[in-house]
Amino acid sequence: MGIFLIWLFHLSGAIGITWGYKDWFIEKTWLNLMACVLIFAFCYPMNTSRKWLIFGLFFGIGMFVEWLGANFSLLFGSYDYGNNLGPKIDGVPLFIGINWALLTFITAALVTKPGPYGSLRALGGAALMVFLDFFMEKSAPIFDFWSFGPHVPLENYITWFVIAFVLHLILFRSRLKGNRIICLHLYLAQLAFFAYFTFFPA
């Protein structure tokens with residue numbers, strides 16, 4: 001059921017936006033994000049205080065680095081958040097912090113199996129996050145999520161990779177385990193959604 005709902009939400013959004021209901025669907029973005037977080041929490045599952053503690057740590061780190069970026073143009077370059085990602089704290093949407101934590105858990109689950117070396121797996125997880133971010137950056141201005149202007153600076157992707165690498169190292173040292181299947185579908189659904197609008201802007 002969780003997998004069905006993930007794809008239902010993302011495909012419905014893509015179809016609705018393509019068919020001319022862009023404003024209606026984009027205004028509901030935070031609902032889709034909340035639904036994905038709830039599905040993840042139930043199916044991963046987030047069933048221990050340790051998991052929630054680390055998730056909260058990653059949320060805090062994500063909010064802090066994005067606060068530095070949005071308010072002082074540090075780390076990522078100069079950018080501004082739009083109005084379609086829900087409530088903000090000092091200019092940074094809460095869902096951005098949640099997304100940092102969620103994507104770290106998801107991508108970590110996808111690279112857990114290949115080998116015992118945490119640093120190598122952390123490189124793989126960070127690479128998956130940056131790969132998804134590439135398509136998110138292309139689509140974000142279309143949906144009034146955030147915008148860098150004409151070009152996304154290289155430092156944005158470098159910073160994403162470095163921070164993601166560190167977060168993955170922390171997560172692997174914690175030896176947490178979760179449902180790789182639900183993580184795979186959450187990752188692929190987001191990738192498919194943002195890649196589609198990268199090549200076919202609304």
Are the side chain of [X] and the backbone N or O of [Y] linked by a donor-acceptor pair below 3.5 Å?
X	Y	value
Arg50	Leu176	no
Thr159	Leu75	yes
Thr29	Ile26	yes
Asp144	Asn84	no

Within a strict 4.5 Å, meaning less than it, do heavy atoms of the [X] and [Y] side chains meet?
X	Y	result
Asp90	Asn71	yes
Leu68	Phe76	no
Ile142	Lys22	yes
Leu184	Arg180	no
Tyr44	Leu102	no
Asn99	Glu66	no

Indicate the atoms forming the closest heavy-atom contact of [X] with [Y], along with that distance.
X	Y	result
Met136	Trp146	CE-CH2, 3.7 Å
Phe172	Ala108	CE2-O, 3.7 Å
Val65	Gly62	CG2-O, 3.3 Å
Phe55	Ala101	O-CB, 3.5 Å
Ala70	Val92	CB-CG2, 4.2 Å
Ile182	Gly2	CD1-C, 4.1 Å

Original post:
Checking side-chain contact (heavy atoms from CB on, under 4.5 Å) for the pair Ile6/Gln190: CA distance, chi angles, key distance, verdict?
Top reply: CA-CA 9 Å; Ile6 289 168; Gln190 290 196 51; over 6 Å; no
Can [Y] be reached from [X] by stepping across I, L, V, M, F, W or Y side chains whose heavy atoms are under 4.5 Å apart?
X	Y	answer
Ile158	Val166	no
Leu8	Leu31	yes
Phe42	Tyr187	no

Atom pair [atom1]/[atom2] of [X] and [Y] - distance to nearest 0.5 Å:
X	Y	atom1	atom2	result
Leu167	Phe105	CG	CZ	10.0 Å
Thr112	His168	OG1	NE2	8.5 Å
Phe148	Ser73	CZ	OG	9.5 Å
Leu110	Leu128	CG	CG	6.0 Å
Ile106	Cys36	CD1	SG	8.0 Å
Thr104	Ile54	OG1	CD1	11.0 Å

Original post:
What about Trp160 and Tyr157, are their ring centers closer than 6.0 Å?
Top reply: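 Between Tyr157 and Trp160, which both carry aromatic rings, the centre distance is not below 6.0 Å.
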Subject >> Worked check of side-chain contact (heavy atoms from CB on, under 4.5 Å) between Ile89 and Trp67 >> reply: CA-CA 9 Å; Ile89 295 180; Trp67 176 77; over 6 Å; no
**OP:** Start with the C-alpha gap between Lys51 and Asn47, add the side-chain angles, then the distance that decides, and say whether side chain to side chain donor-acceptor pair (under 3.5 Å) holds.
**Re:** CA-CA 7 Å; Lys51 289 179 179 178; Asn47 57 352; 3.2 Å; yes
Original post:
Going through the distances and angles, do Met63 and Trp100 end up as a side-chain contact (heavy atoms from CB on, under 4.5 Å)?
Top reply: CA-CA 8 Å; Met63 289 295 292; Trp100 268 101; over 6 Å; no
Original post:
Taking the six-membered ring for Trp, are Phe143 and Phe145 parallel (under 30°), tilted (30 to 60°) or perpendicular (over 60°)?
Top reply: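 The rings of Phe143 and Phe145 sit tilted, inter-plane angle from 30° to 60°.
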Flag yes if more than 12 heavy atoms outside [X] fall under 6.0 Å of its [atom1] atom; otherwise flag no.
X	atom1	result
Trp7	CH2	yes
Lys88	NZ	yes
Lys138	NZ	no

Original post:
side-chain contact (heavy atoms from CB on, under 4.5 Å) between Ile17 and Phe193: does it pass, once the steps are laid out?
Top reply: CA-CA 11 Å; Ile17 292 169; Phe193 181 87; 4.1 Å; yes
Original post:
Can you name the ring pair (Phe, Tyr, Trp, His ring centres under 6.0 Å) partners of Phe131, sequence neighbours left out?
Top reply: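 So Phe131 forms a ring pair (Phe, Tyr, Trp, His ring centres under 6.0 Å) with Phe135.
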Original post:
Can you name the residues that form a ring pair (Phe, Tyr, Trp, His ring centres under 6.0 Å) with Phe64, not counting sequence neighbours?
Top reply: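 Phe64 satisfies ring pair (Phe, Tyr, Trp, His ring centres under 6.0 Å) with no residue once adjacent residues are dropped.
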